[in-house]
Amino acid sequence: MEEGNHSRISEFILLGLSDQPEQERILFLVFLFMYLITGLGNLLIILAIRTDSHLHTPMYFFLSNLSLVDICFTSTTVPKMLANHVSGNKMIPYSGCLTQVFFFIWFAGIDSFLLTAMAYDRYVAICAPLHYSTVMTLRVCVLLLMVSWFSAFINALTHAALLTPLSFCGHNEIPHFFCDLSPLLKLACSDTFINDLMVYTVGALPIITPFIGILISYTRIFMAVLRVPSAGGKWKAFSTCGSHLAVVSLFYGTLIGVYFSPTSTRTAQEDTVAAMMYTVVTPMLNPFIYSLRNKDMKGALKILLIRKPGLPLRL
């Protein structure tokens with residue numbers, strides 16, 4: 001890092017996805033559409049689960065919370081990017097940048113833990129169906145949810161707190177559409193050893209540990225399903241996990257690729273595209289993945305959408 005007598009940076013410039021006006025207009029419309037679809041789709045999932053008593057199960061309890069977190073997750077980054085396109089001003093204050101980093105890491109961590117809780121729910125349902133009702137009680141579900149929010153909060157707070165002592169001077173352009181931790185650390189002109197150490201050790205726990213938990217759960221599920229004698233039984237078991245596996249692959253594939261692969265092998269543009277996948281595309285696709293492959297969810301959404309205007313929602 002460069003040392004010297006530089007004036008401290010009070011704001012950063014988010015370069016975004018393009019510097020061409022024509023491309024920026026197209027990107028604005030694309031991201032606005034994706035953001036609206038994300039918000040509407042996940043909101044419909046939440047309302048459908050809350051209004052249909054048949055969906056008041058642990059799996060849908062976690063799914064409704066995942067939808068809520070996805071709305072918050074995309075709202076951390078996309079509105080600011082859209083505002084930059086409209087105003088033509090790509091500046092973000094130092095405090096705003098740190099705030100965005102905090103909430104981004106927090107909601108990403110909650111997403112990770114919730115996906116693990118959903119994998120555990122499927123594991124109990126398939127591998128120990130007779131004990132499902134006694135294991136996955138409301139108390140256990142609420143406890144898992146609280147652990148997810150609190151653990152992710154501590155991790156996000158730690159990263160944000162470790163950013164405050166750093167000095168940012170001279171170059172203040174972030175080659176990204178939001179304040180991400182990795183490109184922000186590259187701009188620091190003070191030593192970032194502790195920050196880098198945190199990213200690859202304690203900071204990795206909310207991502208790697210849940211991912212390992214998911215792998216273990218699905219390994220046990222796969223072994224249990226192979227012992228099912230009928231092909232129909234195997235297909236039914238796998239179909240209940242297909243939606244979750246698709247979401248896990250999208251989320252962790254891009255997230256691990258960005259944060260835990262050597263930076264020398266990636267360009268800033270590749271990081272930005274990968275980040276767009278797990279910050280915008282995955283939350284947008286989640287409602288479609290879970291509803292299109294799920295008869296109960298499709299039925300609940302149909303009832304919700306054709307409900308008579310005069311009837312109140314049963315929340």
Could you pull out all donor-acceptor pairs under 3.5 Å where a side-chain atom in residues 144-154 meets a protein atom, sequence neighbours excluded?
{"unit_1": "Ser148", "atom_1": "OG", "unit_2": "Leu144", "atom_2": "O", "d": "2.8"}
{"unit_1": "Ser151", "atom_1": "OG", "unit_2": "Val147", "atom_2": "O", "d": "2.8"}

For Tyr218 and Arg122, indicate whether the former's side chain and the latter's backbone hold a donor-acceptor pair under 3.5 Å. no

Donor-acceptor pair, side chain of Asn42 and main chain of Thr38, under 3.5 angstrom: yes

Considering only heavy atoms from C-beta outward, does the side chain of Leu166 approach that of Leu185 to under 4.5 Å? yes

Within-4.5 Å side-chain heavy-atom neighbours: Asp111 and Leu66: yes

Counting C-beta onward and ignoring hydrogens, is there a side-chain heavy-atom pair between His131 and Val124 closer than 4.5 Å? no

Where does the angle between the aromatic ring planes of Phe28 and His85 fall among parallel (under 30°), tilted (30 to 60°) and perpendicular (over 60°)? perpendicular

In terms of the angle between their ring planes, are Trp106 and Phe103 parallel, tilted or perpendicular, with boundaries placed at 30° and 60°? tilted

Please confirm whether the backbone N or O of Ile13 pairs with a side-chain atom of Lys90, one donor and one acceptor, at under 3.5 Å? no

Could you list all the disulfide bond (SG atoms under 2.5 Å apart) pairs where at least one residue sits in residues 84-140, not counting sequence neighbours? Cys97-Cys179

Does the separation of the ring centres of Phe73 and Phe104 fall below 6.0 angstrom? yes

Would you call Phe178 and Lys80 a side-chain contact if the rule is heavy atoms closer than 4.5 Å? no

